[in-house]
*Asks:* 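What follows is a structure written as structure tokens; I'll ask about it next.
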Number of protein chains: 2
Amino acid sequence: MSTSPKPLLQRQTVTAMVAEYIAAKIIGGDYPGGHQIRQEAIAAELGVSRIPVREALLQLEAEGLVVIRTHRGAVVSDLSADDAIDLFDARLLLEPFLVKKAIARMSNQDIANAERALQDYEAAIARGDPKELSRLNWAFHTALLDPSMRPRSMAVLQTLYSSADRYLRLQIEPLKAQTKALQEHRDIFEAYRLRDAVETSRLLKKHVADAAEEIVSQLKRGEAAG
Amino acid sequence: MSTSPKPLLQRQTVTAMVAEYIAAKIIGGDYPGGHQIRQEAIAAELGVSRIPVREALLQLEAEGLVVIRTHRGAVVSDLSADDAIDLFDARLLLEPFLVKKAIARMSNQDIANAERALQDYEAAIARGDPKELSRLNWAFHTALLDPSMRPRSMAVLQTLYSSADRYLRLQIEPLKAQTKALQEHRDIFEAYRLRDAVETSRLLKKHVADAAEEIVSQLKRGEAAG
DNA sequence: GAATGAAATATTGGATACGATAGCCCAATA
DNA sequence: TATTGGGCTATCGTATCCAATATTTCATTC
């Protein structure tokens, strides 16, 4: 039982495409924190009018990727160490809770979905594309939580995650960290498969906390240096 | 130390005003769940063009008040009992956590702010305006949590709250419930003032849980009837 | 020389008009 | 009956203006 049964051929509005374009730039690091996004520049770049650009920026603001100030435009939001702590603390509350709910309701199909997500993640490590790795990492997490049937909480988690997404590379880049994360994913999945809610929750919490600690310490180093 | 030092003279864009207008209609019950919002109608009603209406609807979608489907327009989102459980469970995780953080950092000024919010709430009960009461209820909650300096979590809570805001009337309308809520607020504030983090957190959790239970059971009655 | 204040410029916010596109209903057809 | 194929309607998108505001530049004043 899954929350998001996506249609195979999804019709995209221009606004949605622009939003994806800008989000990719931000997450990929092309637009660093503090970067001014000029509506006209994006519009010209993509050959669209300013209106869908504005509407895309509104959506991105809701996701926490940019900050819009009236008549001053959109700026790529910067993540301080404090922000990272804030975001990860919220995840640390929600994810372990949701995974327990998920285990209580999940079907064998859900387990199979999670296993597939885990395998996709494993395969991506071999290829080593960091963007893809980030995406599949989150896909695994959502696969675990999806059977909880908590669309509102999942939406919240989505924004929490995407706000910090860019900075995951700080943590996920080194090969050593990747193999550590993979082993943790495997352990989490194993407890999940056995429907051991307490253990899954504990491992997931530790997994997220470790990632948080790593990112926060990196950000603090950056702030001390810069 | 407060998270949101709002400017006294705030310039409003048309989009923001439209968003407030529609949100008020939804929260006030003028637009019930499932109600189709027609951009052109709103635009004509307010004497503005459709563009700020569309952008306002985008913002409201991010807050969970409406659902937009491409080329089919915006519909006031309906809250199922499951949705309410989802929303309140998330609040139940975040609010007790944040209030502990708040107590750890708060100044005497913050305590004074919370006390003022409490007094405003008390005064509103005498007047008995339900909309105002809902607003001041939430103002009290945010006053408690604001010193935590967790803007991201606070933003999440804001959306969680506003999504369920309309249905608070189910719970807050009867006078008996109001005096109960008031007493709970007083108890929470008293523990807060004494910087008793554990007790404040416990009382706050119970306060939210009680409200949740009341609303969920009312919604379930409604779903069974309808 | 520093602070104030007033143009000038750039950018966003908004209005209007028009066209394109996607759902939806329903009659016509096989 | 099931399907097809119009119309109808409302949203989505563009183009072109104009308005409002933030920032910068520059002159003025003390």
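So you know, we letter chains A, B, ... as the sequences are listed, proteins then strands, and number each from 1.
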*Asks:* Are any non-hydrogen side-chain atoms of A/M149 and B/D82 less than 4.5 angstrom apart?
*Replies:* no
*Asks:* Does a side-chain heavy-atom distance below 4.5 Å link A/K25 with A/I37?
*Replies:* no
*Asks:* Return a single string for nucleotides 10-18 of chain C, one symbol per nucleotide in 5' to 3' order, where B is base contact, S is sugar-phosphate-only contact and - is none, cutoff 4.0 angstrom on heavy atoms.
*Replies:* -SBBBBB-B
*Asks:* Evaluate the side-chain proximity of A/D146 to A/D110: yes if any heavy-atom separation is below 4.5 Å, no if none is.
*Replies:* no
*Asks:* Tell me whether A/E213 at atom CD has more than 12 heavy atoms from other residues, nucleotides or ligands lying less than 6.0 Å away.
*Replies:* no
*Asks:* Would you list the pairs meeting salt bridge (Lys or Arg N to Asp or Glu O under 4.0 Å) in which at least one residue belongs to residues 89-104 of chain B, sequence neighbours left out?
*Replies:* A/R150-B/D89, B/R91-B/E95
